[in-house]
**Q** 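Starting off with a structure, shown below.
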Amino acid sequence: MRGITKRFPGVVANRDIDITVRRGTVHALCGENGAGKSTLMKILYGMQKPDEGTITVDGDQVTFGSPADAIARGIGMVHQHFMLADNLTVLENVVLGGEKLHGIGSRARAKIQEISDAYGLGVRPDVLVEELGVADRQRVEILKVLYRGARTLILDEPTAVLVPQEVEALFDNLRELKSEGLTVIFISHKLGEVLSVADEITVIRRGTTVGTADPRTTTSRQLAELMVGSELPSPETRESTVTGTPALTVRDLRLTATDTDGVVREVLAGIGFTIHRGEVLGIAGVEGNGQAELVEAIMGMRDPDGGVITLDTTDISHAPTRRRRESGIGYIPEDRHRHGLLLEAPLWENRILGHVTERPNSRRGLIDSGAARLDTERIVREYDVRTPGIDVTAASLSGGNQQKLIVGREMSHSPKLLIAAHPTRGVDVGAQAQIWDQIREARRGGLAVLLISADLDELIGLSDTLRVMYRGRLVADADPATITPEELGSAMTGAATGHLEASDAPDAPASSTSGTGAGGEDR
Amino acid sequence: MKKLTSRIDRERLLLAVAAPVLAVVAALVVTALVIAATGKNPFEAFSDMLSYGSASDSQVYILNKATTYYLAGVAVAIGFRMNLFNIGVDGQYRIAAFFAAVVGGTLDLPGIIQIPLVIVVAMLVGAMWAGIAGVLKTSRGVSEVISTIMLNSIATAIIGYLIQPERLGQLDEAGTLVSTKPLPESSWFFTVDLGPAGLLWGFLFVAVLAGLAYWFVLGRTRFGFDLRAVGQSESAAAASGVSVKKMVVTSMILSGGMAGLIGMPTLLNESHMYSNDFPLGIGFTGIAIALLGRNNPVGIALAALLWGFLERTTNHLEVIGYDKEILGVLQGVIVLCVVIAYELVRRYGLRRQQQRVGAELAAQAHGAATTEKLEVAR
């Protein structure tokens, strides 16, 4: 791809991007969130047209009007969010939309088996997709693309949904594909992974290529600096600020929910923990194991069926959300668009959201827009929210800047307890480091934090105590100073319970892995 | 930076005005085509509308009509601000006016007590009628669209049953009109006598107050902020500590209370009783007016005036040989155009702002980092 330029509303445009991918290699494309990786790949896959520039495949210059054109040239894409029909079998999913290729019967089955065996994918054609785990689904997606004759695969953030063990298996698959002469373009911002699997690396920053790197001679730190364009803040040495005063106590929390079939399931059972002032309690777990429900129960958005939640010394088990917020719970929601912002409202109104009864937002029942606006300007300044003003809508900011606004807002009411659910998800590296710093800073001031994250490095780096959640229960605990992401990962799949001990003497203390600002280390 | 912000603001204002203007112009064009298609001259019709509409007696008529329409628009807008589609304003105002008329006709208290009493009864009945839909929605998940439509029919049936002469109503001497007992003269609302132009209804001032209250409560109070937050994103509002269910019921009650006022200008200033020719369908007019006025207190006033103007002037068209159905065409086309124009302008505005913010930030970033092409790892 030569000189690709794409102008696109609201996000950083692709500017003059040059990238060359050689046949039979794994080529990693890395850059911060919002740097333009996905846009570039959508152009290559024919989902978007470049405003300028050319794409050349095997020496022929091509233009792709749709993904069908791209597939005809042997380019296929595996999206971050799977596009599979749960109630169909693997075979049916694979042939869906490609019925003309090898029919839908035994020929298709033979072809699937052949591809699966050739690349060691281990796909079983007759299993229902709903019975498959995330990693298996991903393999089905890969197989779907191969089935359509792709020789070049684009994988968009394929490891985001996987635990470390599954990542290793995926990488084995990729190496297999490579050895068969296929080309893989691998999009990621997890540097450790990029270095371990890629043959070549292209770094994109602010919509343009800033350099290439050789994974054999580059460290993740150098790569991260290339990505962010500046020296990274050095990881902080861990000093404990944990006090003996409990801020939040949860005892024997139980929550049931009725699913779509009318069956009552237990989504939380026997949850108990205490977070002290100045302590960060991290909860690890594969998504969908009850973390979201736990947060909603503590925030008062769901009413627990049993158990006691105590903030300081007050029982808030059934208190309304507003009262909980007023008594000092800050909330960084998992899905900021759904729970944290009014996207079509201006920033200063978003600053009021969730704290409408508190100063400076209102006085005696009336909104004090002057004071709220002033304070919004302060937040924009202090938390480095990049925006041209406080009257623009929240939707026009990038994800990272939206998140900084939320963090600024929640911190501005000096909370006793902060619930941070995936606080740096979809946030670029620069903003990530900043958010971590703010959490650490507040922790030193006695803030208790409940941290829920899928980013194991973030969990290990920030937490004072770790718990593992599996099927609505806290099944294991671990010391973040000694635990490795791999051990944590296996506990997340339910393979280990109880107190997790490092299997062998930890050769690298976790403090050195905490917060390298890039979310990836040499492992 | 300041400059950009103010530019965005001015643009926003421009966009806000653009949509209704666009809609009205498009509607005029379509109507002109329709009139032309019937073989008549549309421009003559328009010029007649203008001259007839600006006559002083027309102006008073339009203001009186607009008073009713304004209240209807506000009642609907309260629901709209919360993403609730209160189609039941129609039933709410009729049943409210009916009971208010019954109470007003039965009692004979001094006006200073009786008039507020009649108004309060109307608001309470309207609020209760709308509250039923709110409770159904929160407790059983019934869509307010469905339940309010049904409540409209139920209201019609209840009024029809109760207004019969042997119950709460009476038959006039001619034996054609069924109505409630007329209000005593002491509880008529004041009017402003404008000589040959006619009588201006005093309830106009109540409507203005209602508009002020609407603006103040929604725009300036915590409660209004919560209500608007629910309207924009139910999930975000719930996470921010608003009880969505309570808010649904409350805003339905407010909307219904406001709807209760709709029949009051007619009852207290004109008819002084609820009869079987009491104006119908104003609740639906209110939907169009709230849409056209963008739920904005001033916008709704302009829309209400426009509606009154159209009604007055198209009535007169019939006198000079045009079809009076033009009114329906005009109003229908305006509403259609409004919906389309708003959506177009909204999307355009959102995209434009994103572009501007992106451009502004890209310019900053570009200045800061003059794309140093780095090459590491040798």
Side-chain angles (χ1 to χ4, degrees), chain A residues 8-13 15 203 206-214 217-218 222-223 225-226 229 299-301 320-326 331 333 335 337-345 349 352-357 362 365-367 369 386-393 395-398, chain B residues 1-9 11-12 216-226 228-244 246 346 348-366 368-369 371-378:
Chain A
F8 199 63
V11 299
V12 184
R15 244 193 345 259
V203 180
R206 292 204 180 96
T208 191
T209 37
V210 291
T212 55
D214 182 342
T217 54
T218 313
Q222 285 169 314
L223 203 55
E225 282 170 9
L226 196 58
M299 280 308 297
M301 292 149 72
T321 305
R322 174 145 296 161
R323 181 124 52 79
R324 298 186 199 209
R325 280 191 173 259
E326 285 165 352
Y331 179 33
D335 185 338
H337 289 178
R338 267 175 59 75
H339 293 123
L341 293 169
L342 301 175
L343 286 172
E344 292 193 21
E349 286 197 354
I352 298 177
L353 187 71
H355 303 277
V356 68
T357 53
S362 68
L366 298 187
I367 300 284
S369 61
R386 309 258 169 92
T387 170
I390 57 169
D391 285 302
V392 301
T393 56
S396 48
L397 298 191
S398 72
Chain B
M1 272 205 328
K2 270 266 155 359
K3 234 171 71 199
L4 181 90
T5 319
S6 69
R7 206 161 60 217
I8 286 179
D9 267 355
E11 241 183 51
R12 231 196 244 165
F216 182 79
V217 170
L218 262 77
R220 290 289 176 273
T221 63
R222 278 178 199 170
F223 170 79
F225 185 88
D226 284 347
R228 283 183 290 130
V230 177
Q232 292 187 40
S233 166
E234 227 172 78
S235 50
S240 86
V242 183
S243 163
V244 174
K246 219 190 276 173
R346 193 186 70 87
Y348 172 80
L350 214 62
R351 213 174 48 232
R352 177 137 178 88
Q353 192 180 41
Q354 285 182 342
Q355 251 164 4
R356 281 178 167 281
V357 172
E360 166 93 351
L361 294 179
Q364 279 175 13
H366 198 70
T371 39
E372 72 273 37
K373 290 225 168 190
L374 279 170
E375 195 61 23
V376 290
R378 272 293 88 94

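Lettering follows sequence order; numbering is per chain, from 1. Values below: all heavy atoms of this structure, side chains included; hydrogens, waters and symmetry mates excluded.
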**Q** B:Ala229 versus chain A, heavy atoms under 4.5 Å apart: side chain, backbone, both or neither?
**A**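 Both parts, heavy atoms under 4.5 Å.
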**Q** Could you walk me through whether B:Asp226 and A:Arg322 pass the side-chain contact (heavy atoms from CB on, under 4.5 Å) test, one step at a time?
**A** CA-CA 11 Å; B:Asp226 284 347; A:Arg322 174 145 296 161; 2.7 Å; yes
**Q** Quick check: closest heavy atoms across A:Leu341 and B:Ala236, and the distance to 0.1 Å?
**A**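 Closest heavy-atom pair between A:Leu341 and B:Ala236: O-CB, 3.5 Å.
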**Q** In terms of heavy-atom proximity below 4.5 Å to chain B, should A:Glu326 be classed as side chain, backbone, both, or neither?
**A**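 Neither part; nothing is under 4.5 Å.
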**Q** Please give me the minimum heavy-atom distance between B:Arg346 and A:Glu344, naming the atom from each residue.
**A**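 The answer is NH1-OE2, 2.5 Å.
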**Q** Verify side-chain contact (heavy atoms from CB on, under 4.5 Å) between B:Phe225 and A:Thr357, making sure each step is shown before the conclusion.
**A** CA-CA 10 Å; B:Phe225 185 88; A:Thr357 53; over 6 Å; no
**Q** Considering only heavy atoms and a distance below 4.5 Å, find which of A:Glu349, A:His355, A:Met301, A:Met299 pairs most often with chain B.
**A**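 Looking at each of A:Glu349, A:His355, A:Met301, A:Met299 in turn, A:Glu349 comes out on top.
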**Q** Relative to chain A, which segment of B:Ser243 carries a heavy atom at a distance below 4.5 Å: side chain, backbone, both, or neither?
**A**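 For B:Ser243, there is no contact with chain A at all, as no heavy atom is under 4.5 Å.
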**Q** Nearest 0.5 angstrom please: A:Ile367 CD1 to B:Arg222 CZ, how far?
**A**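 It is 8.0 Å, given to the nearest 0.5 Å.
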**Q** Have a look at A:His339 and tell me which of B:Ser233, B:Ser235, B:Ser240 forms a side-chain contact (heavy atoms from CB on, under 4.5 Å) with it.
**A**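 Per the side-chain contact (heavy atoms from CB on, under 4.5 Å) rule, the option paired with A:His339 is B:Ser235, out of B:Ser233, B:Ser235, B:Ser240.
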**Q** Verify, without hydrogens or angle tests, whether A:Arg325 (side chain) and B:Ala239 (backbone) share a donor-acceptor contact under 3.5 angstrom.
**A**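 Yes, the answer is positive, given that a donor and an acceptor are paired below the 3.5 Å cut-off.
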